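This report refers to the structure that appears directly beneath it.
Every chain is numbered from 1 and lettered A, B, ... according to where its sequence line falls, protein lines coming before strand lines. Heavy-atom basis, side chains included; hydrogens, waters and symmetry copies ignored. All values derive from a computational prediction rather than experimental measurement.
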There are 2 protein chains.
Amino acid sequence: MADLVYKKIMQNLKDKIKANDFEANRLPDERTLSDEYHVSRSSIKKALSILAQQGVIFKKRGSGTFVNPLYLKNKSIFRYEGSNLGITNNLKTEGYHPSIKVLDFKVISAPAEIKEDLFLNDGEFVYEINRLRLLDEKAIIIETSYIPIKIAPSLTKKIVQGSLFDYFAKELHSTGTKAFMSLEAQPSTADDQDLLDLKTTEPVGIMEGIFFLDNGTPLEISDMRVHYKYFSYNTFVNLPD
Amino acid sequence: MADLVYKKIMQNLKDKIKANDFEANRLPDERTLSDEYHVSRSSIKKALSILAQQGVIFKKRGSGTFVNPLYLKNKSIFRYEGSNLGITNNLKTEGYHPSIKVLDFKVISAPAEIKEDLFLNDGEFVYEINRLRLLDEKAIIIETSYIPIKIAPSLTKKIVQGSLFDYFAKELHSTGTKAFMSLEAQPSTADDQDLLDLKTTEPVGIMEGIFFLDNGTPLEISDMRVHYKYFSYNTFVNLPD
DNA sequence: GGTTAAAATTGGTACGTATCAATTCTAAAT
DNA sequence: ATTTAGAATTGATACGTACCAATTTTAACC
(Lines give C-alpha, C1' and ligand atoms only; values in the text may rest on other atoms or scores of the structure.)
Protein backbone atom coordinates (compact mmCIF):
# COMPACT_ATOMS: atom_id res chain seq x y z
CA MET A 1 0.00 0.00 0.00
CA ALA A 2 1.21 3.45 -0.82
CA ASP A 3 2.36 5.45 2.16
CA LEU A 4 0.70 8.65 1.00
CA VAL A 5 -2.12 9.89 3.16
CA TYR A 6 -4.60 10.58 0.40
CA LYS A 7 -3.93 7.24 -1.29
CA LYS A 8 -4.47 5.32 1.89
CA ILE A 9 -7.74 7.14 2.42
CA MET A 10 -8.81 6.49 -1.16
CA GLN A 11 -8.17 2.79 -0.74
CA ASN A 12 -9.86 2.65 2.62
CA LEU A 13 -12.93 4.47 1.34
CA LYS A 14 -13.18 2.15 -1.65
CA ASP A 15 -12.98 -0.84 0.68
CA LYS A 16 -15.74 0.56 2.82
CA ILE A 17 -17.84 1.34 -0.22
CA LYS A 18 -17.48 -2.22 -1.49
CA ALA A 19 -18.33 -3.54 1.96
CA ASN A 20 -21.47 -1.38 1.87
CA ASP A 21 -20.49 0.41 5.06
CA PHE A 22 -22.31 3.62 4.21
CA GLU A 23 -25.97 4.22 4.97
CA ALA A 24 -28.09 5.12 1.97
CA ASN A 25 -25.02 5.23 -0.25
CA ARG A 26 -24.03 8.46 1.41
CA LEU A 27 -20.58 9.18 2.80
CA PRO A 28 -20.01 11.25 5.93
CA ASP A 29 -19.32 14.91 5.26
CA GLU A 30 -15.74 16.06 4.70
CA ARG A 31 -15.32 17.58 8.16
CA THR A 32 -16.42 14.38 9.84
CA LEU A 33 -14.13 12.27 7.66
CA SER A 34 -11.32 14.64 8.56
CA ASP A 35 -11.93 13.93 12.24
CA GLU A 36 -12.38 10.19 11.81
CA TYR A 37 -9.18 9.72 9.83
CA HIS A 38 -7.25 12.26 11.90
CA VAL A 39 -6.11 14.08 8.79
CA SER A 40 -6.74 17.54 7.43
CA ARG A 41 -9.82 18.31 5.42
CA SER A 42 -7.54 19.12 2.48
CA SER A 43 -6.33 15.53 2.39
CA ILE A 44 -9.90 14.28 2.52
CA LYS A 45 -10.79 16.63 -0.32
CA LYS A 46 -7.91 15.36 -2.42
CA ALA A 47 -8.93 11.74 -1.93
CA LEU A 48 -12.59 12.47 -2.61
CA SER A 49 -11.92 14.55 -5.70
CA ILE A 50 -9.88 11.78 -7.29
CA LEU A 51 -12.58 9.23 -6.52
CA ALA A 52 -15.13 11.60 -8.04
CA GLN A 53 -12.98 12.00 -11.14
CA GLN A 54 -12.86 8.22 -11.47
CA GLY A 55 -16.62 8.01 -11.14
CA VAL A 56 -16.57 6.07 -7.90
CA ILE A 57 -18.47 8.77 -6.01
CA PHE A 58 -20.52 11.87 -6.76
CA LYS A 59 -20.19 15.09 -4.85
CA LYS A 60 -22.82 17.80 -4.66
CA ARG A 61 -22.34 21.00 -2.76
CA GLY A 62 -24.86 21.54 0.01
CA SER A 63 -26.08 18.00 -0.37
CA GLY A 64 -23.30 15.53 0.31
CA THR A 65 -21.15 12.81 -1.20
CA PHE A 66 -22.73 9.70 -2.69
CA VAL A 67 -21.57 6.33 -3.90
CA ASN A 68 -21.99 5.59 -7.57
CA PRO A 69 -24.44 2.68 -7.43
CA LEU A 70 -22.72 1.17 -10.47
CA TYR A 71 -19.49 0.85 -8.57
CA LEU A 72 -21.03 -1.56 -6.13
CA LYS A 73 -22.55 -3.82 -8.68
CA ASN A 74 -19.25 -4.91 -10.22
CA LYS A 75 -20.39 -4.21 -13.74
CA SER A 76 -18.04 -5.07 -16.58
CA ILE A 77 -17.82 -1.40 -17.37
CA PHE A 78 -15.99 -0.96 -14.09
CA ARG A 79 -12.94 -3.12 -14.58
CA TYR A 80 -10.76 -0.06 -14.52
CA GLU A 81 -9.89 2.80 -12.24
CA GLY A 82 -10.65 6.07 -13.94
CA SER A 83 -9.62 5.46 -17.49
CA ASN A 84 -8.85 2.28 -19.31
CA LEU A 85 -6.37 1.36 -21.97
CA GLY A 86 -8.23 -1.86 -22.26
CA ILE A 87 -7.18 -4.87 -24.18
CA THR A 88 -3.87 -6.42 -23.10
CA ASN A 89 -3.63 -5.14 -19.57
CA ASN A 90 -7.21 -6.04 -19.05
CA LEU A 91 -7.00 -9.50 -20.46
CA LYS A 92 -3.82 -10.39 -18.66
CA THR A 93 -5.60 -10.17 -15.36
CA GLU A 94 -8.20 -12.66 -16.44
CA GLY A 95 -6.18 -15.76 -16.96
CA TYR A 96 -5.65 -15.50 -20.71
CA HIS A 97 -2.17 -15.79 -22.16
CA PRO A 98 -1.15 -12.90 -24.37
CA SER A 99 1.83 -13.24 -26.65
CA ILE A 100 3.53 -11.27 -29.39
CA LYS A 101 4.72 -12.24 -32.86
CA VAL A 102 7.05 -9.81 -34.59
CA LEU A 103 6.08 -9.54 -38.24
CA ASP A 104 8.58 -6.91 -39.24
CA PHE A 105 11.21 -4.76 -37.60
CA LYS A 106 13.16 -2.20 -39.55
CA VAL A 107 14.57 1.30 -39.56
CA ILE A 108 13.19 3.80 -42.03
CA SER A 109 13.37 7.49 -42.74
CA ALA A 110 10.36 8.97 -40.96
CA PRO A 111 7.32 9.38 -43.24
CA ALA A 112 5.76 12.83 -43.32
CA GLU A 113 2.87 12.22 -40.93
CA ILE A 114 5.01 10.34 -38.42
CA LYS A 115 7.62 13.07 -38.57
CA GLU A 116 4.94 15.62 -37.75
CA ASP A 117 3.50 13.76 -34.79
CA LEU A 118 6.85 12.86 -33.27
CA PHE A 119 8.36 16.28 -33.95
CA LEU A 120 11.31 14.98 -35.93
CA ASN A 121 13.51 16.83 -38.39
CA ASP A 122 14.01 15.94 -42.03
CA GLY A 123 15.99 12.81 -42.50
CA GLU A 124 15.58 11.50 -38.96
CA PHE A 125 15.08 7.79 -38.65
CA VAL A 126 12.47 5.76 -36.83
CA TYR A 127 11.90 2.12 -36.06
CA GLU A 128 8.88 0.70 -37.81
CA ILE A 129 7.70 -2.24 -35.78
CA ASN A 130 4.99 -4.51 -37.02
CA ARG A 131 3.63 -6.94 -34.49
CA LEU A 132 0.79 -9.35 -34.12
CA ARG A 133 -0.72 -9.67 -30.68
CA LEU A 134 -2.20 -13.00 -29.81
CA LEU A 135 -4.40 -14.24 -27.05
CA ASP A 136 -4.17 -17.96 -26.41
CA GLU A 137 -2.78 -18.47 -29.95
CA LYS A 138 -5.54 -16.41 -31.54
CA ALA A 139 -4.48 -13.22 -33.35
CA ILE A 140 -6.47 -10.23 -32.15
CA ILE A 141 -4.43 -7.11 -32.92
CA ILE A 142 -2.19 -5.92 -35.73
CA GLU A 143 0.01 -3.21 -34.32
CA THR A 144 2.32 -0.85 -36.16
CA SER A 145 4.60 1.28 -33.99
CA TYR A 146 6.99 4.08 -34.80
CA ILE A 147 9.75 5.10 -32.40
CA PRO A 148 12.52 7.63 -33.05
CA ILE A 149 15.96 6.02 -33.11
CA LYS A 150 17.44 8.84 -31.09
CA ILE A 151 15.19 8.05 -28.14
CA ALA A 152 15.88 4.34 -28.04
CA PRO A 153 19.11 3.72 -29.98
CA SER A 154 19.58 0.24 -28.62
CA LEU A 155 16.27 -1.34 -29.48
CA THR A 156 16.59 -4.87 -30.82
CA LYS A 157 14.31 -7.47 -32.33
CA LYS A 158 14.61 -9.43 -29.12
CA ILE A 159 13.43 -6.53 -27.00
CA VAL A 160 10.58 -5.92 -29.40
CA GLN A 161 9.28 -9.41 -28.79
CA GLY A 162 8.36 -8.33 -25.29
CA SER A 163 6.44 -5.42 -23.82
CA LEU A 164 7.62 -2.03 -25.01
CA PHE A 165 5.87 -0.44 -22.03
CA ASP A 166 8.00 -2.38 -19.59
CA TYR A 167 11.15 -1.63 -21.57
CA PHE A 168 10.60 2.12 -21.64
CA ALA A 169 9.54 2.20 -18.03
CA LYS A 170 12.88 0.72 -17.08
CA GLU A 171 15.17 2.40 -19.61
CA LEU A 172 13.73 5.89 -19.68
CA HIS A 173 12.33 6.19 -16.17
CA SER A 174 8.97 6.93 -17.68
CA THR A 175 6.79 6.07 -14.75
CA GLY A 176 3.31 7.03 -15.81
CA THR A 177 1.61 6.41 -19.10
CA LYS A 178 0.50 9.49 -20.95
CA ALA A 179 -1.02 9.30 -24.38
CA PHE A 180 -3.46 10.77 -26.80
CA MET A 181 -5.76 8.05 -27.92
CA SER A 182 -8.01 8.14 -30.92
CA LEU A 183 -10.63 5.44 -31.49
CA GLU A 184 -12.47 4.59 -34.68
CA ALA A 185 -14.17 1.75 -36.54
CA GLN A 186 -13.32 0.59 -40.05
CA PRO A 187 -14.19 -2.19 -42.49
CA SER A 188 -11.53 -4.88 -42.42
CA THR A 189 -8.98 -4.96 -45.23
CA ALA A 190 -7.88 -8.16 -46.96
CA ASP A 191 -4.83 -8.07 -44.74
CA ASP A 192 -6.93 -7.76 -41.59
CA GLN A 193 -9.17 -10.60 -42.70
CA ASP A 194 -6.18 -12.80 -43.34
CA LEU A 195 -4.25 -12.10 -40.15
CA LEU A 196 -7.15 -11.76 -37.74
CA ASP A 197 -9.38 -14.43 -39.26
CA LEU A 198 -12.25 -12.09 -40.06
CA LYS A 199 -15.12 -12.37 -42.52
CA THR A 200 -15.44 -9.58 -45.09
CA THR A 201 -18.40 -8.16 -43.22
CA GLU A 202 -16.54 -8.09 -39.94
CA PRO A 203 -14.79 -4.85 -39.00
CA VAL A 204 -11.77 -3.81 -36.98
CA GLY A 205 -11.57 -1.25 -34.22
CA ILE A 206 -8.81 1.30 -34.71
CA MET A 207 -6.87 2.53 -31.75
CA GLU A 208 -4.21 5.08 -32.49
CA GLY A 209 -2.08 6.45 -29.70
CA ILE A 210 0.69 8.97 -29.37
CA PHE A 211 2.66 8.20 -26.22
CA PHE A 212 4.74 10.68 -24.29
CA LEU A 213 7.61 10.56 -21.86
CA ASP A 214 7.16 12.23 -18.49
CA ASN A 215 8.69 15.46 -19.74
CA GLY A 216 6.39 15.68 -22.75
CA THR A 217 8.64 14.27 -25.46
CA PRO A 218 6.63 12.21 -27.94
CA LEU A 219 7.97 8.71 -27.67
CA GLU A 220 5.91 6.43 -29.82
CA ILE A 221 3.08 6.26 -32.28
CA SER A 222 1.08 3.11 -32.07
CA ASP A 223 -1.55 2.18 -34.61
CA MET A 224 -3.63 -0.83 -33.63
CA ARG A 225 -6.14 -2.68 -35.76
CA VAL A 226 -8.18 -4.75 -33.35
CA HIS A 227 -10.45 -7.72 -34.03
CA TYR A 228 -13.86 -6.22 -33.35
CA LYS A 229 -14.81 -8.81 -30.79
CA TYR A 230 -11.85 -7.80 -28.66
CA PHE A 231 -12.24 -4.08 -29.16
CA SER A 232 -13.77 -2.27 -26.25
CA TYR A 233 -13.01 0.91 -24.41
CA ASN A 234 -14.66 1.98 -21.19
CA THR A 235 -14.34 5.32 -19.52
CA PHE A 236 -15.99 7.66 -17.10
CA VAL A 237 -16.75 11.02 -18.65
CA ASN A 238 -17.01 14.06 -16.47
CA LEU A 239 -17.77 17.31 -18.25
CA PRO A 240 -18.06 20.31 -15.90
CA ASP A 241 -20.33 23.25 -16.71
CA MET B 1 -14.99 34.51 -18.52
CA ALA B 2 -15.39 32.67 -15.27
CA ASP B 3 -14.63 34.73 -12.22
CA LEU B 4 -12.78 31.95 -10.44
CA VAL B 5 -9.09 32.56 -9.92
CA TYR B 6 -7.88 29.18 -11.10
CA LYS B 7 -10.08 29.27 -14.20
CA LYS B 8 -8.83 32.67 -15.19
CA ILE B 9 -5.27 31.47 -14.81
CA MET B 10 -5.98 28.33 -16.82
CA GLN B 11 -7.41 30.39 -19.64
CA ASN B 12 -4.57 32.90 -19.53
CA LEU B 13 -1.93 30.20 -19.56
CA LYS B 14 -3.58 28.49 -22.51
CA ASP B 15 -3.64 31.78 -24.37
CA LYS B 16 0.03 32.31 -23.70
CA ILE B 17 0.84 28.75 -24.73
CA LYS B 18 -0.98 29.22 -28.02
CA ALA B 19 0.82 32.53 -28.55
CA ASN B 20 4.10 30.69 -27.98
CA ASP B 21 5.04 33.00 -25.13
CA PHE B 22 7.15 30.43 -23.33
CA GLU B 23 10.82 29.82 -24.08
CA ALA B 24 11.67 26.26 -25.02
CA ASN B 25 8.12 25.15 -24.30
CA ARG B 26 8.85 25.52 -20.63
CA LEU B 27 6.62 27.39 -18.19
CA PRO B 28 7.98 29.41 -15.27
CA ASP B 29 8.10 27.51 -12.01
CA GLU B 30 5.10 27.56 -9.69
CA ARG B 31 6.57 30.05 -7.23
CA THR B 32 7.33 32.52 -9.99
CA LEU B 33 3.85 32.13 -11.49
CA SER B 34 2.43 32.71 -8.04
CA ASP B 35 4.27 36.03 -7.87
CA GLU B 36 3.46 37.08 -11.42
CA TYR B 37 -0.25 36.44 -11.08
CA HIS B 38 -0.40 37.74 -7.51
CA VAL B 39 -2.17 34.61 -6.33
CA SER B 40 -1.24 31.84 -3.96
CA ARG B 41 0.84 28.93 -5.12
CA SER B 42 -2.13 26.67 -4.31
CA SER B 43 -4.21 28.39 -6.97
CA ILE B 44 -1.39 28.02 -9.48
CA LYS B 45 -1.11 24.35 -8.58
CA LYS B 46 -4.83 23.84 -9.10
CA ALA B 47 -4.75 25.46 -12.53
CA LEU B 48 -1.65 23.55 -13.59
CA SER B 49 -2.90 20.21 -12.37
CA ILE B 50 -6.09 20.53 -14.39
CA LEU B 51 -4.15 21.50 -17.50
CA ALA B 52 -1.89 18.49 -16.91
CA GLN B 53 -4.92 16.25 -16.56
CA GLN B 54 -6.21 17.55 -19.88
CA GLY B 55 -2.87 16.87 -21.53
CA VAL B 56 -2.11 20.50 -22.27
CA ILE B 57 1.05 20.48 -20.16
CA PHE B 58 3.38 18.00 -18.53
CA LYS B 59 4.77 18.42 -15.04
CA LYS B 60 7.88 16.72 -13.75
CA ARG B 61 9.13 17.20 -10.23
CA GLY B 62 12.60 18.68 -10.00
CA SER B 63 12.52 19.48 -13.68
CA GLY B 64 9.72 21.87 -14.47
CA THR B 65 6.48 22.26 -16.39
CA PHE B 66 6.38 21.81 -20.16
CA VAL B 67 3.95 22.48 -22.95
CA ASN B 68 2.62 19.47 -24.80
CA PRO B 69 3.97 20.10 -28.29
CA LEU B 70 0.83 18.57 -29.76
CA TYR B 71 -1.30 21.25 -28.18
CA LEU B 72 0.37 23.94 -30.21
CA LYS B 73 0.00 22.25 -33.52
CA ASN B 74 -3.79 22.25 -33.58
CA LYS B 75 -4.01 18.58 -34.36
CA SER B 76 -7.40 17.04 -35.02
CA ILE B 77 -6.95 14.90 -31.96
CA PHE B 78 -7.06 18.10 -29.94
CA ARG B 79 -10.52 19.42 -30.69
CA TYR B 80 -11.53 18.87 -27.12
CA GLU B 81 -10.60 19.95 -23.65
CA GLY B 82 -9.76 16.92 -21.57
CA SER B 83 -12.29 14.40 -22.68
CA ASN B 84 -14.59 14.35 -25.61
CA LEU B 85 -18.11 13.13 -26.10
CA GLY B 86 -17.55 13.68 -29.76
CA ILE B 87 -20.12 13.58 -32.47
CA THR B 88 -22.95 16.05 -32.13
CA ASN B 89 -21.43 18.69 -29.92
CA ASN B 90 -18.30 18.57 -31.96
CA LEU B 91 -20.00 18.81 -35.30
CA LYS B 92 -22.31 21.58 -34.26
CA THR B 93 -19.37 23.90 -33.84
CA GLU B 94 -18.17 23.27 -37.34
CA GLY B 95 -20.98 24.63 -39.40
CA TYR B 96 -22.88 21.43 -40.01
CA HIS B 97 -26.58 21.24 -39.27
CA PRO B 98 -27.58 18.42 -36.97
CA SER B 99 -31.20 17.39 -36.68
CA ILE B 100 -33.26 14.67 -35.07
CA LYS B 101 -35.98 12.40 -36.40
CA VAL B 102 -38.05 10.52 -33.84
CA LEU B 103 -38.63 6.97 -35.03
CA ASP B 104 -40.48 5.69 -32.02
CA PHE B 105 -41.51 6.95 -28.61
CA LYS B 106 -43.26 4.72 -26.15
CA VAL B 107 -43.51 3.64 -22.53
CA ILE B 108 -42.62 0.07 -21.65
CA SER B 109 -42.05 -2.02 -18.58
CA ALA B 110 -38.31 -1.94 -18.03
CA PRO B 111 -36.48 -4.91 -19.59
CA ALA B 112 -34.19 -6.83 -17.26
CA GLU B 113 -30.88 -5.31 -18.30
CA ILE B 114 -32.22 -1.79 -18.33
CA LYS B 115 -33.80 -2.33 -14.94
CA GLU B 116 -30.42 -3.41 -13.60
CA ASP B 117 -28.48 -0.47 -14.97
CA LEU B 118 -31.02 2.14 -13.93
CA PHE B 119 -31.64 0.54 -10.53
CA LEU B 120 -35.37 0.18 -11.01
CA ASN B 121 -37.77 -2.11 -9.20
CA ASP B 122 -39.94 -4.76 -10.80
CA GLY B 123 -42.72 -3.31 -12.83
CA GLU B 124 -41.30 0.18 -13.11
CA PHE B 125 -41.78 1.87 -16.45
CA VAL B 126 -39.32 3.58 -18.76
CA TYR B 127 -39.54 5.59 -21.93
CA GLU B 128 -38.01 3.84 -24.90
CA ILE B 129 -36.99 6.50 -27.35
CA ASN B 130 -35.79 5.65 -30.80
CA ARG B 131 -34.23 8.48 -32.73
CA LEU B 132 -32.30 9.01 -35.88
CA ARG B 133 -29.64 11.71 -35.80
CA LEU B 134 -28.93 13.46 -39.04
CA LEU B 135 -26.23 15.75 -40.25
CA ASP B 136 -27.18 17.91 -43.18
CA GLU B 137 -30.00 15.45 -44.05
CA LYS B 138 -27.69 12.45 -43.85
CA ALA B 139 -28.47 9.84 -41.17
CA ILE B 140 -25.42 9.09 -39.06
CA ILE B 141 -26.64 7.67 -35.76
CA ILE B 142 -29.41 5.36 -34.61
CA GLU B 143 -30.00 6.06 -30.95
CA THR B 144 -32.09 4.12 -28.48
CA SER B 145 -32.59 5.73 -25.08
CA TYR B 146 -34.20 4.51 -21.90
CA ILE B 147 -35.32 6.94 -19.21
CA PRO B 148 -37.30 6.09 -16.05
CA ILE B 149 -40.74 7.64 -16.04
CA LYS B 150 -40.42 8.62 -12.41
CA ILE B 151 -37.48 10.89 -13.19
CA ALA B 152 -39.08 12.71 -16.09
CA PRO B 153 -42.84 12.19 -15.83
CA SER B 154 -43.68 14.95 -18.27
CA LEU B 155 -41.60 13.94 -21.25
CA THR B 156 -43.42 14.33 -24.56
CA LYS B 157 -42.79 13.49 -28.16
CA LYS B 158 -42.27 17.16 -28.83
CA ILE B 159 -39.56 17.47 -26.21
CA VAL B 160 -37.91 14.36 -27.52
CA GLN B 161 -37.49 15.99 -30.90
CA GLY B 162 -34.95 18.31 -29.35
CA SER B 163 -31.89 17.85 -27.23
CA LEU B 164 -32.44 15.73 -24.14
CA PHE B 165 -29.26 17.16 -22.65
CA ASP B 166 -30.63 20.66 -22.76
CA TYR B 167 -33.97 19.51 -21.37
CA PHE B 168 -32.49 17.74 -18.37
CA ALA B 169 -30.04 20.54 -17.71
CA LYS B 170 -32.98 22.91 -17.35
CA GLU B 171 -35.55 20.65 -15.68
CA LEU B 172 -33.35 18.74 -13.26
CA HIS B 173 -30.60 21.27 -12.59
CA SER B 174 -28.10 18.73 -13.77
CA THR B 175 -25.25 21.02 -14.59
CA GLY B 176 -22.38 18.74 -15.52
CA THR B 177 -22.46 15.67 -17.68
CA LYS B 178 -21.38 12.49 -16.00
CA ALA B 179 -21.53 9.17 -17.76
CA PHE B 180 -19.99 5.79 -18.17
CA MET B 181 -19.22 5.32 -21.78
CA SER B 182 -18.46 2.05 -23.48
CA LEU B 183 -17.19 1.96 -27.05
CA GLU B 184 -17.14 -0.95 -29.46
CA ALA B 185 -17.22 -1.85 -33.15
CA GLN B 186 -19.72 -4.17 -34.81
CA PRO B 187 -20.74 -5.36 -38.27
CA SER B 188 -23.76 -3.45 -39.48
CA THR B 189 -27.14 -5.13 -39.29
CA ALA B 190 -29.69 -4.99 -42.11
CA ASP B 191 -31.40 -2.27 -40.13
CA ASP B 192 -28.20 -0.26 -39.82
CA GLN B 193 -27.51 -0.64 -43.54
CA ASP B 194 -30.99 0.55 -44.38
CA LEU B 195 -31.16 3.54 -42.08
CA LEU B 196 -27.55 4.70 -42.29
CA ASP B 197 -26.97 3.86 -45.95
CA LEU B 198 -24.17 1.41 -45.32
CA LYS B 199 -22.76 -1.40 -47.47
CA THR B 200 -22.76 -4.87 -45.91
CA THR B 201 -19.02 -4.67 -45.36
CA GLU B 202 -19.29 -1.35 -43.60
CA PRO B 203 -19.51 -1.40 -39.81
CA VAL B 204 -21.01 0.75 -37.09
CA GLY B 205 -19.34 2.13 -34.01
CA ILE B 206 -21.22 1.41 -30.81
CA MET B 207 -21.36 3.99 -28.09
CA GLU B 208 -23.27 3.01 -25.00
CA GLY B 209 -23.58 5.46 -22.16
CA ILE B 210 -25.15 5.45 -18.73
CA PHE B 211 -25.77 9.04 -17.70
CA PHE B 212 -26.10 10.27 -14.14
CA LEU B 213 -27.63 13.22 -12.37
CA ASP B 214 -25.39 15.33 -10.16
CA ASN B 215 -26.32 13.30 -7.09
CA GLY B 216 -25.49 9.98 -8.71
CA THR B 217 -28.96 8.84 -9.75
CA PRO B 218 -28.81 6.99 -13.06
CA LEU B 219 -30.85 9.05 -15.47
CA GLU B 220 -30.58 7.55 -18.90
CA ILE B 221 -29.18 4.71 -20.91
CA SER B 222 -28.24 5.66 -24.40
CA ASP B 223 -27.27 3.14 -27.02
CA MET B 224 -25.90 4.66 -30.20
CA ARG B 225 -25.10 2.90 -33.45
CA VAL B 226 -22.91 5.29 -35.39
CA HIS B 227 -22.04 5.31 -39.08
CA TYR B 228 -18.37 4.31 -38.98
CA LYS B 229 -17.21 7.36 -40.91
CA TYR B 230 -18.63 9.60 -38.19
CA PHE B 231 -17.47 7.51 -35.29
CA SER B 232 -14.44 8.83 -33.51
CA TYR B 233 -13.44 9.33 -29.94
CA ASN B 234 -10.39 11.22 -28.77
CA THR B 235 -9.06 11.36 -25.27
CA PHE B 236 -5.97 12.01 -23.25
CA VAL B 237 -5.03 9.08 -21.08
CA ASN B 238 -3.05 9.64 -17.94
CA LEU B 239 -2.22 6.55 -15.93
CA PRO B 240 -0.18 7.26 -12.80
CA ASP B 241 2.31 4.74 -11.42
C1' DG C 1 -51.39 21.61 6.42
C1' DG C 2 -48.84 24.48 3.34
C1' DT C 3 -45.75 28.42 2.73
C1' DT C 4 -41.86 30.99 3.72
C1' DA C 5 -37.86 32.81 5.81
C1' DA C 6 -33.98 31.90 8.77
C1' DA C 7 -30.44 28.66 10.27
C1' DA C 8 -27.57 24.78 9.70
C1' DT C 9 -25.24 21.69 6.70
C1' DT C 10 -22.03 20.62 3.15
C1' DG C 11 -18.83 20.91 -0.65
C1' DG C 12 -15.94 24.73 -3.24
C1' DT C 13 -12.58 28.33 -3.56
C1' DA C 14 -8.55 30.80 -2.08
C1' DC C 15 -4.71 31.78 0.72
C1' DG C 16 -0.69 30.46 3.31
C1' DT C 17 3.05 27.54 5.60
C1' DA C 18 6.19 23.71 6.24
C1' DT C 19 8.46 19.87 4.57
C1' DC C 20 9.74 16.28 1.28
C1' DA C 21 11.53 14.12 -3.09
C1' DA C 22 13.19 14.16 -7.79
C1' DT C 23 16.03 16.56 -10.76
C1' DT C 24 19.33 19.80 -12.23
C1' DC C 25 23.03 22.82 -11.47
C1' DT C 26 27.52 24.08 -9.42
C1' DA C 27 31.89 23.62 -7.99
C1' DA C 28 35.43 21.03 -6.01
C1' DA C 29 38.50 17.10 -6.71
C1' DT C 30 41.16 14.16 -9.63
C1' DA D 1 38.06 16.89 -19.35
C1' DT D 2 35.54 13.77 -16.13
C1' DT D 3 33.71 12.50 -11.99
C1' DT D 4 31.46 13.41 -7.85
C1' DA D 5 29.42 15.43 -3.87
C1' DG D 6 26.89 19.24 -2.25
C1' DA D 7 23.65 23.08 -3.19
C1' DA D 8 19.84 24.94 -5.54
C1' DT D 9 15.70 24.30 -8.08
C1' DT D 10 11.14 22.58 -8.72
C1' DG D 11 6.91 20.05 -8.24
C1' DA D 12 4.30 17.01 -4.52
C1' DT D 13 2.35 16.20 -0.16
C1' DA D 14 0.14 17.59 4.03
C1' DC D 15 -1.78 20.67 7.30
C1' DG D 16 -4.59 24.54 8.51
C1' DT D 17 -7.69 28.82 8.18
C1' DA D 18 -11.25 31.77 6.39
C1' DC D 19 -14.94 32.55 3.72
C1' DC D 20 -18.35 31.50 -0.01
C1' DA D 21 -22.37 29.10 -2.43
C1' DA D 22 -25.71 25.49 -3.03
C1' DT D 23 -28.77 22.69 -0.65
C1' DT D 24 -31.31 20.93 3.10
C1' DT D 25 -33.37 21.38 7.47
C1' DT D 26 -35.80 23.86 10.89
C1' DA D 27 -39.08 26.75 12.71
C1' DA D 28 -42.13 30.46 12.45
C1' DC D 29 -46.24 32.04 10.32
C1' DC D 30 -50.69 32.09 8.18
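Candidate nucleotides D/dT13, D/dA22, D/dG11 were compared by shortest atom distance to the side chain of B/R61, and D/dG11 ranks first. When each of C/dT19, C/dG16, C/dT10 is scored by its nearest atom to the side-chain atoms of A/R31, the top-ranked nucleotide is C/dT10. When distances run from any side-chain atom of B/Y6 to the nucleotides C/dA14, C/dC15, C/dG11, the shortest one goes to C/dA14.
At the phosphate of C/dT13, neither OP1 nor OP2 sits under 4.0 Å from any side-chain N or O atom of B/S43. Put simply, B/K60 has no side-chain N or O that comes within less than 4.0 Å of OP1 or OP2 on D/dT10. Distances shown here put every side-chain N or O of B/S40 at or beyond 4.0 Å from the OP1 or OP2 atom of C/dA14. Phosphate proximity of C/dT10 to A/S63: absent, as no side-chain N or O sits under 4.0 Å from OP1 or OP2. Phosphate contact (OP1/OP2 of D/dG11, side-chain N/O of B/K45, threshold under 4.0 Å): absent.
Within residues 22-30 of chain B, no residue has any heavy atom closer than 4.0 Å to DNA chain C.
Taking only distance into account, the side chain of B/R41 meets the base of D/dA12 through a donor-acceptor pair shorter than 3.5 Å.
No donor-acceptor contact under 3.5 angstrom links the side chains of A/E208 and A/S182, judged on distance only. Judged purely by distance below 3.5 Å, without hydrogens or angles, the side chains of A/Y146 and A/D223 never pair a donor atom with an acceptor atom.
Taking atom CG on B/L33 and atom P on C/dG16, their separation rounds to 15 Å, with Å as the unit. Atom-to-atom, CG of B/D214 to P of D/dT23 comes out at 8 Å; the value is rounded to the nearest Å. Look at CD1 on A/I44: it is 16 Å from P on D/dT13, rounded to the nearest Å. What separates NE2 of A/H38 from P of D/dC15 is a distance of 12 Å, to the nearest Å. The interatomic distance linking B/L4 (CG) with C/dG11 (P) rounds to 19 Å, in whole Å. What separates NZ of A/K46 from P of C/dA14 is a distance of 17 Å, to the nearest Å. Atom CG of B/L213 is separated from atom P of D/dT23 by 13 Å (rounded to the nearest Å).
In terms of the side-chain contact (heavy atoms from CB on, under 4.5 Å) criterion, residue partners of B/R41 (sequence neighbours excluded) are, by chain and number, B/E30, B/R31, B/S34, B/K45. B/T217 is linked by a side-chain contact (heavy atoms from CB on, under 4.5 Å) to B/I151, B/L213, B/N215, counting only residues two or more places apart in sequence or in another chain.
A salt bridge links B/D122 to B/K115: one of the charged nitrogens lies within less than 4.0 Å of a carboxylate oxygen.
For an aromatic pair to be called close, the ring centres must be under 6.0 Å apart, and A/F212 with B/F58 satisfies this.
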